[in-house]
Q: 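Input: one structure, supplied below.
Numbers restart at 1 for each chain; the letters A, B, ... are given by sequence-line order, proteins then strands. As the structure is a computational prediction, the values presented were derived from the model and not from experiment.
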Protein chains: 2
Amino acid sequence: MDRIEDCYGFLLGKAYQKVWQMEKAALAQYGITPVQFVLLHVLWEKDGQKGVELGGRLRLDGATITGVLDRLEKMGLIERRPDLNDRRTNLIFLTPKGKELEKPMNQVTDVVNKEVISMFSEEEANLLKSMLTKLGLGQKGDR
Amino acid sequence: MDRIEDCYGFLLGKAYQKVWQMEKAALAQYGITPVQFVLLHVLWEKDGQKGVELGGRLRLDGATITGVLDRLEKMGLIERRPDLNDRRTNLIFLTPKGKELEKPMNQVTDVVNKEVISMFSEEEANLLKSMLTKLGLGQKGDR
DNA sequence: CACACATTATTTGTATACAAATAATGTGTG
DNA sequence: CACACATTATTTGTATACAAATAATGTGTG
């Protein structure tokens, strides 16, 4: 490999960095980072999950989840409640404030997604999605 | 966007994470991280560059470059020398130890690249590269 | 049932990454 | 030439991300 611009790891990192910055800018008005957004997103789908479930879905280390939850809790968007069935576990619940953000934050991130998609043909965008899914989430298909 | 798995930012992040881990594992025997590797790679192409040139090429903030250089310097792989033409600047030079790593490290990262490519057809892999370049480095073509 | 082993969350340490501020030095316009 | 503005590297602070260690609790096999 003569040029770093031929290294897939490098290219993926830079593409991620760019899209992450677009999302960060879009979410800045709510004081939320992209990672905090995706964690909230999983809770909007299903409230009251365990930390380890969130980490599994988001492919994040437990230590990382702890930190993200700390910040979301400090902002008053989520709440840790003890799991009555397993005292090792907390269940993570959205606060009303956390629930309110679903619609507006999905709107601004949808705009970013459309911006990304608009750089390619529909066919290319779909292929990109399936290739990234295969690379990052292990399988070609959906989960 | 109903599922985070449809969010390009998320997919890019996870694909990057996976490939980064593969590279990290391959480079671990040399005690080098993927980011340190790409910085060294730019120096192998041309020794004696300024920090700001490295940051421009790698799309990294000056503060990030400072940190990466600190660690590479501590490991004895690079050296900061004053620029006689501009006293604001250091020029970054490879040490003999830093030069030695070029061949072996390129070999192990080439293996990772081939692993990534092998997941797709040649046509798909080329399209992926051009799409990531367009997304992350601004233009479709090469620089 | 006891106890080795597993699971869950957290803490600590290291490495990116960027924003904002700072200090030193260059450059360009009147 | 002076001085506002730009450039370069660094420092400080915040936010991921993971590895390794720890503490508390569960689970399964003899």
Side-chain angles (χ1 to χ4, degrees), chain A residues 9-10 12-25 27-28 30-40 49-56 58-75 78 80-92 136, chain B residues 9-10 12-25 27-28 30-40 49-56 58-75 78 80-92 136:
Chain A
F10 178 73
L12 281 164
K14 295 301 121 180
Y16 167 60
Q17 225 175 73
K18 188 64 72 65
V19 176
W20 199 84
Q21 286 296 323
M22 289 163 64
E23 285 188 345
K24 194 178 153 194
L27 291 167
Y30 303 106
I32 297 289
T33 66
V35 172
Q36 293 164 7
F37 164 73
V38 292
L39 195 148
L40 289 173
Q49 296 187 62
K50 300 194 289 182
V52 77
E53 290 178 305
L54 299 172
L58 299 177
R59 270 73 169 173
L60 289 177
D61 197 67
T64 304
I65 293 286
T66 296
V68 177
L69 290 177
D70 283 347
R71 287 180 283 276
L72 287 172
E73 195 167 36
K74 197 178 290 176
M75 287 188 279
I78 61 126
R80 282 183 247 234
R81 297 190 208 150
D83 182 347
L84 304 176
N85 299 113
D86 187 342
R87 286 190 298 171
R88 294 169 303 180
T89 308
N90 296 316
L91 297 180
I92 316 299
Chain B
F10 178 74
L12 280 165
K14 296 302 120 179
Y16 168 59
Q17 224 174 72
K18 188 65 72 62
V19 176
W20 199 84
Q21 287 297 324
M22 290 164 63
E23 286 188 344
K24 194 177 154 196
L27 291 167
Y30 303 106
I32 296 289
T33 66
V35 172
Q36 292 163 8
F37 163 74
V38 293
L39 195 147
L40 289 173
Q49 296 187 62
K50 301 193 290 182
V52 76
E53 289 178 304
L54 299 172
L58 299 176
R59 269 74 171 175
L60 290 176
D61 197 66
T64 304
I65 293 287
T66 296
V68 178
L69 290 177
D70 284 348
R71 288 180 283 274
L72 287 171
E73 195 167 36
K74 197 177 290 176
M75 289 187 277
I78 59 125
R80 283 184 246 233
R81 297 191 207 149
D83 182 348
L84 304 176
N85 298 115
D86 186 342
R87 287 190 297 172
R88 292 169 305 181
T89 308
N90 296 316
L91 298 180
I92 316 299

Q: With respect to B/Thr66, which candidate in B/Val68, B/Asp70, B/Thr64 satisfies the side chain to side chain contact (heavy atoms under 4.5 Å, CB included) definition?
A: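 Single side chain to side chain contact (heavy atoms under 4.5 Å, CB included) partner of B/Thr66 among B/Val68, B/Asp70, B/Thr64: B/Asp70.
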Q: In terms of the nearest nucleotide of DNA chain C, which residue is placed more toward the 5' end: B/Arg88 or B/Pro34?
A: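 Its nearest nucleotide lies further toward 5', so the answer is B/Pro34.
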Q: Quick one: label B/Gly62 by what it contacts on the DNA or RNA (base, sugar-phosphate, nothing), any heavy atom closer than 4.0 Å.
A: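 Contact class for B/Gly62: base.
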Q: If I take atom OG1 from residue A/Thr33 and atom CG from residue A/Leu72, how far apart are they, to the nearest 0.5 angstrom?
A: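 Between A/Thr33 OG1 and A/Leu72 CG, I get 7.5 Å after rounding to 0.5 Å.
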Q: Please report the closest heavy-atom contact between B/Lys50 and B/Glu53, naming both atoms and the distance.
A: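 Minimum heavy-atom contact is N-OE1, 2.7 Å.
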Q: A/Leu39 and A/Leu58: which non-hydrogen atoms are nearest, and at how many Å?
A: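 Looking at all heavy atoms of both residues, the shortest contact is CA-CD1, 3.7 Å.
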Q: If pairs are Watson-Crick or G-U with both distances under 3.5 Å, what is the dot-bracket string of DNA chain D, marking crossing pairs with [ ] and pairs to another strand with |?
A: ||||||||||||||||||||||||||||||
Q: Look at all strands and tell whether A/Thr89 reaches a base, only sugar-phosphate, or nothing, counting heavy atoms closer than 4.0 Å.
A: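 The answer is sugar-phosphate, as A/Thr89 gets under 4.0 Å only of primed atoms, P, OP1 or OP2.
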Q: Please report the closest heavy-atom contact between A/Leu69 and A/Leu54, naming both atoms and the distance.
A: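 A/Leu69 and A/Leu54 have their closest heavy atoms at CD2-CD1, 4.3 Å.
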Q: Identify, residue by residue, the members of residues 13-24 of chain B with a heavy atom below 4.0 Å from DNA chain C, and return them in order of residue number, or none.
A: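 Heavy-atom contacts with DNA chain C come from B/Tyr16.
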Q: 5'-most contact on DNA chain D: A/Leu84 or A/Asp61, nearest heavy atom basis?
A: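 This one resolves to A/Asp61.
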Q: Answer yes or no: is there a side-chain heavy-atom contact under 4.5 Å between B/Ile78 and B/Leu40?
A: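 Yes, at least one pair of side-chain atoms sits under 4.5 Å.
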Q: Mind checking A/Thr33 for me? I need base, sugar-phosphate or nothing, with any heavy atom below 4.0 Å counting as a touch.
A: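 Sugar-phosphate only.
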Q: Using a cut-off of 4.0 Å on non-hydrogen atoms, how would the nucleic acid contact of A/Leu60 be classed: base, sugar-phosphate, or nothing?
A: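 If one applies the 4.0 Å heavy-atom cut-off, A/Leu60 turns out to touch the sugar-phosphate alone, with no base involved.
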Q: Could you report the tightest heavy-atom contact between A/Ile32 and A/Gln36, atom names first, then the distance?
A: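 Distance-wise, the nearest heavy atoms are CA-OE1, 3.5 Å.
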Q: Taking any atom closer than 4.0 angstrom to a non-hydrogen atom of chain A, what span of DNA chain D does the protein reach, first nucleotide to last?
A: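 It runs D/dA15 to D/dG26.
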Q: Is it the case that the side chain of B/Glu73 and the backbone of B/Arg80 share a donor-acceptor pair, with hydrogens and angles ignored and the cut-off at 3.5 Å?
A: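 A pair under 3.5 Å: yes.
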Q: Please figure out whether A/Leu69 or B/Val68 has its closest DNA chain C nucleotide nearer the 5' end.
A: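 The 5'-side residue here is A/Leu69.
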Q: Closest heavy-atom contact between A/Leu27 and A/Phe37?
A: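 Smallest heavy-atom distance, with atoms named: CD1-CB, 3.7 Å.
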Q: What are the two closest non-hydrogen atoms of B/Arg59 and A/Lys14, and how far apart are they?
A: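 That closest heavy-atom pairing would be O-NZ, 3.4 Å.
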Q: Rounded at 0.5 Å granularity, tell me how far CH2 in B/Trp20 sits from CZ in A/Phe10.
A: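 Answer for the CH2-CZ pair, B/Trp20 versus A/Phe10, is 15.0 Å.
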